*Asks:* 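Before we start, here is the structure in question, set down as structure tokens.
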Amino acid sequence: MADTKSNGVVESYLVAYNAASFVGWGYVLVQTVMYLLENGADLSGLFNRIGYPLIYVQTGAALEIAHSLVGIVRSGILTALMQVYSRLLLVWGTLYMFDYPEIRASPAFVLMVLAWAVTECVRYSHYALSLLDIEVPALLYLRYTLFYVLYPAGVTGELLEMWAALPHAAAIHPMFRAFLIVNMINYPPVLYKLYTHMIRQRRKILGGATAGKSKSADKAGASPAAKKKKL
């Protein structure tokens with residue numbers, strides 16, 4: 001009985017976390033699109049509109065590292081670190097620190113934000129609904145398909161943002177600039193690992209009738225503890 005109650009509390013927390021994250025990213029996405037429709041190519045006020053909500057909602061994703069550490073989700077700690085670390089570096093190490101138009105009002109910033117926001121709206125809504133045993137086939141397909149375009153788009157925006165920050169980082173300390181360069185060099189192998197991981201996940205989940213039957217059978221016989229979702 002205690003285990004069942006504990007599992008219910010954990011699942012309720014994960015539903016709330018994913019739902020709140022979806023709302024946060026949805027706000028960032030809607031505000032970004034509205035700003036672009038209203039102002040076109042003039043990006044000078046975009047950060048003032050979405051900057052701090054973006055920083056806060058992305059910082060909240062650090063909880064996913066804790067989720068992996070305590071074992072309430074199946075995602076490995078290394079995967080969670082790779083997914084969260086670079087983004088925290090972007091929002092705090094560049095966007096928060098440097099109030100310059102080449103960083104806060106650039107096409108790279110727009111590209112990065114849109115790629116992040118679309119990815120996370122799909123991801124968090126999919127996870128929240130899955131925890132409630134609600135299946136949305138279109139959402140499942142988008143979750144394991146959009147990454148083909150959104151991962152490279154997001155990484156391109158991130159690298160361009162870091163590149164634009166290098167002179168300003170050097171003005172603070174040469175080691176800060178070197179630190180950003182090391183992180184930029186590390187992007188290709190990290191992207192490769194995450195990209196191939198998602199390709200494997202796509203084959204496993206969308207791979208065909210056999211995978212679908214296996215998934216249905218697993219779900220039918222799963223205990224509450226076995227229904228942990230990857231976050």
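Keep in mind it's a predicted model, so treat the numbers as computed, not measured. The first residue in the sequence is number 1, and the count goes up from there.
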*Asks:* To the nearest 0.5 Å, how far apart are CZ in R143 and OG1 in T119?
*Replies:*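 Between R143 CZ and T119 OG1, I get 8.5 Å after rounding to 0.5 Å.
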*Asks:* With the threshold set at 4.0 Å, does a side-chain nitrogen-carboxylate oxygen contact exist between E64 and R87?
*Replies:*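 A salt bridge is absent here (no side-chain N lies under 4.0 Å from a carboxylate O).
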*Asks:* Is it the case that atom CZ in F98 sees more than 12 heavy atoms from other parts of the structure closer than 6.0 Å?
*Replies:*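 Atom CZ in F98 is packed in, count exceeds 12.
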*Asks:* Classify the angle between the aromatic ring planes of F147 and Y151 as parallel (below 30°), tilted (30 to 60°) or perpendicular (above 60°).
*Replies:*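 Because their plane-to-plane angle is over 60°, the rings of F147 and Y151 count as perpendicular.
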*Asks:* Got a list of side-chain donor-acceptor pairs under 3.5 Å for residues 167-177, not counting sequence neighbours?
*Replies:*
unit_1: H168; atom_1: NE2; unit_2: E102; atom_2: OE2; d: 2.6
unit_1: H173; atom_1: ND1; unit_2: M175; atom_2: N; d: 3.0

*Asks:* What are the two closest non-hydrogen atoms of E11 and L131, and how far apart are they?
*Replies:*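 So the minimum-distance heavy-atom pair works out to OE1-O, 4.1 Å.
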*Asks:* So, taking the atom named CE in M162 and the one named OG1 in T94, what distance separates them when rounded to the nearest 0.5 Å?
*Replies:*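 So the CE of M162 and the OG1 of T94 are separated by 7.0 Å.
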*Asks:* Search all heavy atoms of D42 against all heavy atoms of Y35 and return the closest pair with its distance.
*Replies:*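 That closest heavy-atom pairing would be O-OH, 2.7 Å.
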*Asks:* State plainly whether one hydrophobic cluster holds both L150 and L111, where clusters connect Ile, Leu, Val, Met, Phe, Trp and Tyr through side-chain heavy atoms under 4.5 angstrom apart.
*Replies:*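 Result: no, two separate clusters.
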*Asks:* Are M34 and Y52 linked, directly or through other ILVMFWY residues, by side chains that come within less than 4.5 angstrom of each other?
*Replies:*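 No, M34 does not connect to Y52 through the hydrophobic network.
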*Asks:* Do the side chain of N18 and the main chain of L14 share a donor and acceptor less than 3.5 angstrom apart?
*Replies:*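 Present.
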*Asks:* Would you call the rings of H67 and Y17 parallel, tilted or perpendicular, where under 30° means parallel and over 60° means perpendicular?
*Replies:*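 H67 and Y17: perpendicular rings.
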